Amino acid sequence: MACRAYWGAQSEAFRRGFHVGAFAEYDAVSLYPYAAMLQPLPHAGTRWVRLESLAQVEEHEGFGTFTFVFPRGTRYPCLPVHRNGVRRLVFPLQGTSSCTLAEVRLALRRGAKVKVVEAYGFKPGPRERDHDVSRYMRHFLEKKAAAKRGTLEYATAKLFANALLGKLAEKMHGSGLLDVEREAQLHGFGPGLGAAIHGSPLLRASLKGPPDVGSAFAPEWATLVLGRARALMADITARGALLVSTDAIICPEELDLRCEGLDALESVGSGMRLEHQADAVFIARARLYALLRRVEDVGPGETVLGRDDTWAVVRVARQGTSESEADFAQTLLACLREGRDVAPTRIRKRRLTVEAAVREGKPIHSLVQEEVRTGFSWDNKRRLLDRDSKPFTQSTDTAPYRSLSRLEAGERQRQIREGGARPRKSRVPAHKMEKALALLSGGRSVREVANELKLARSTVGDIKKRAGLGTVEPEEGGADA
């Protein structure tokens with residue numbers, strides 16, 4: 001159950017586009033080490049019990065699987081849902097989540113209706129609260145606090161504090177393609193076997209074995225700490241953030257961040273540290289954004305990654321791009337001036353690692369050149385309220401998807417609009433077709449007909465259009481709603 005609930009951090013954009021105003025970026029100080037100090041952890045003698053009720057959730061620590069429904073209109077749902085085959089979490093209004101009890105308690109405070117499917121927990125006592133991991137973190141955080149930022153002592157203390165958490169869930173997979181290629185040539189086979197295996201799903205599957213785990217493997221500890229960190233950040237984010245990325249948020253400068261999560265962090269010496277202030281923010285997606293200052297407001301000594309006559313870029317996050325910070329800043333400024341995507345094509349040079357060389361059938365450390373271009377597409381974790389909003393001149397709010405199925409339906413509709421998929425022909429029973437036509441002809445809305453007949457709103461919208469009963473208005477709802 002701990003492994004089922006082992007997820008990474010929340011990374012979501014709650015607003016998209018270019019927005020002018022007074023903004024700030026805050027970072028949680030050493031989020032994971034301090035979360036480990038706050039989170040009770042079990043030891044060898046801890047008594048675990050199976051939880052049957054939400055009352056037990058309030059007084060236990062642990063993890064489990066839960067079904068949930070947040071109230072309609074909730075802007076910041078906080079229970080993670082995982083999509084098979086997609087390596088990213090989403091936070092819908094309803095679904096089934098494998099998560100920690102700390103996250104469930106936060107969801108209950110936000111009005112969610114939660115049911116226990118299967119969960120396990122323990123009542124924390126003195127030994128669970130004052131545990132080895134807490135003492136370890138306290139030791140290295142004190143060393144970090146005593147060292148000067150940027151020194152070797154500071155970096156080493158920070159590394160030791162954070163590295164332990166990765167070791168708690170360390171998994172090591174078996175031989176890679178390089179080992180296969182080497183062994184094949186030692187046994188007289190010619191080069192290329194590794195590349196052949198990489199290109200064949202059947203051969204790759206035949207080589208997969210169970211992963212080995214590290215000597216410090218403790219998934220219960222790892223899951224509880226990460227879940228507590230997500231809950232702390234989710235509580236702070238809900239104060240009104242425009243974006244959250246692991247331990248950082250972007251929000252209006254005047255926003256009051258005071259909440260239970262912030263109080264808990266401050267009680268152990270952490271808190272939210274102001275990193276940057278800005279006169280405008282550009283958000284393409286959760287990990288692709290920039291903070292900008294008006295040129296005349298840039299202070300002496302303030303880092304500037306790029307500037308034009310109006311704006312200076314002071315901070316960027318550019319996951320999924322191949323540009324340097326300075327190049328990305330210039331690309332963004334050009335797009336803002338033109339009011340559209342004018343990202344240039346750049347030539348990226350890279351040397352192939354051993355694994356990449358085996359996959360591509362080229363000499364190790366070969367220098368390769370390729371054309372790359374920064375893309376500003378939306379990550380589709382949330383629903384854009386105005387999907388036609390132009391991100392370089394406008395901004396739009398977002399909303400969580402009602403469910404995972406609504407998210408997937410929305411993605412398919414986007415693929416259809418972009419020509420990447422064909423609409424599925426829905427077979428509607430004749431009696432429902434007749435009833436839908438009668439209701440629509442009588443003036444009922446697409447949403448009302450869909451709810452009454454238990455049909456998808458997109459299906460009812462198609463029936464309305466084919467029957468020539470008028471267009472489907474946005475407020476009637478569609479596949480993205």
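The structure displayed is predicted, hence computed values, not measured ones.
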Can you sort out the partners of R373 under side-chain hydrogen bond (donor to acceptor under 3.5 Å, both in side chains), two or more places apart, ordered by chain and number?
-> D341
Check side chain to side chain contact (heavy atoms under 4.5 Å, CB included) between E170 and all other residues, then give those that pass, not counting sequence neighbours.
-> K167, M172
CD of E370: more than 12 outside heavy atoms within 6.0 angstrom?
-> yes
Check: W7 side chain, S98 main-chain N or O, donor-acceptor pair, under 3.5 Å | yes
Distance in Å, S445 OG paired with N451 CG, rounded so as to fall on 0.5 Å steps = 8.0 Å
Please identify each residue that fulfils side chain to side chain contact (heavy atoms under 4.5 Å, CB included) with A284, with sequence neighbours left out.
-> F282, L288, F376
Any idea which heavy atoms bring L106 and A231 closest together, and the distance?
-> CD2-O, 3.5 Å
Qualifying ring-ring contact (aromatic ring centres under 6.0 Å, His included) pairs, either residue in residues 224-266, two or more places apart = none
Contacts of type salt bridge (charged side-chain N to carboxylate O under 4.0 Å, His left out), residue K362, not counting sequence neighbours | E360
When R16, Q319, E25 are each screened for side chain to side chain donor-acceptor pair (under 3.5 Å) with Y289, the one that passes is E25
Between side-chain atoms of residues 248-257 and protein atoms elsewhere (two or more places apart, or another chain), which donor-acceptor pairs fall under 3.5 Å?
residue : atom : partner : partner atom : Å
E253    : OE2  : Q277    : NE2          : 2.6
D256    : OD1  : R258    : N            : 3.0

So side-chain hydrogen bond (donor to acceptor under 3.5 Å, both in side chains) across residues 304-313, not counting sequence neighbours, yields D308-R337
Per-pair distances, 0.1 Å, donor-acceptor, side chain in residues 67-81, under 3.5 Å, sequence neighbours excluded:
residue : atom : partner : partner atom : Å
T74     : OG1  : P71     : O            : 2.7
R75     : NH1  : D397    : OD1          : 2.7
R75     : NH1  : D397    : OD2          : 3.3
R75     : NH1  : T398    : O            : 3.3
R75     : NH2  : F14     : O            : 3.3
R75     : NH2  : D397    : OD1          : 3.2
Y76     : OH   : A241    : N            : 3.3
Y76     : OH   : A241    : O            : 2.8

Does Q394 reach the main-chain N or O of K390 with its side chain, forming a donor-acceptor pair under 3.5 Å?
-> yes
Please indicate whether R346 has more than 12 foreign heavy atoms, meaning atoms of other residues, nucleotides or ligands, lying under 6.0 Å from its CZ.
-> yes
Kindly say whether K148 contributes a backbone atom to a donor-acceptor pair with the side chain of T151 at under 3.5 angstrom?
-> yes
Short question: side chain of T396, backbone of D386 - any donor-acceptor pair under 3.5 Å?
-> yes
Within-4.5 Å side-chain heavy-atom neighbours: L292 and L336 | yes
For F160, look at atom CZ and say whether over 12 heavy atoms of other residues, nucleotides or ligands are found less than 6.0 Å away.
-> no
With sequence neighbours left out, the residues meeting side-chain hydrogen bond (donor to acceptor under 3.5 Å, both in side chains) with S11 are R287
Where K144 and S30 come nearest, the two heavy atoms and their spacing = NZ-OG, 2.5 Å
Who passes side chain to side chain contact (heavy atoms under 4.5 Å, CB included) against D247, sequence neighbours left out?
-> A28, L31
Please collect all salt bridge (Lys or Arg N to Asp or Glu O under 4.0 Å) contacts where either partner lies in residues 91-109, sequence neighbours excluded, each pair once.
-> E61-R105, E103-R230, R109-D235, R109-E260
Only counting residues at least two apart or in another chain, list the ones meeting side chain to side chain contact (heavy atoms under 4.5 Å, CB included) with S395.
-> R15, H19
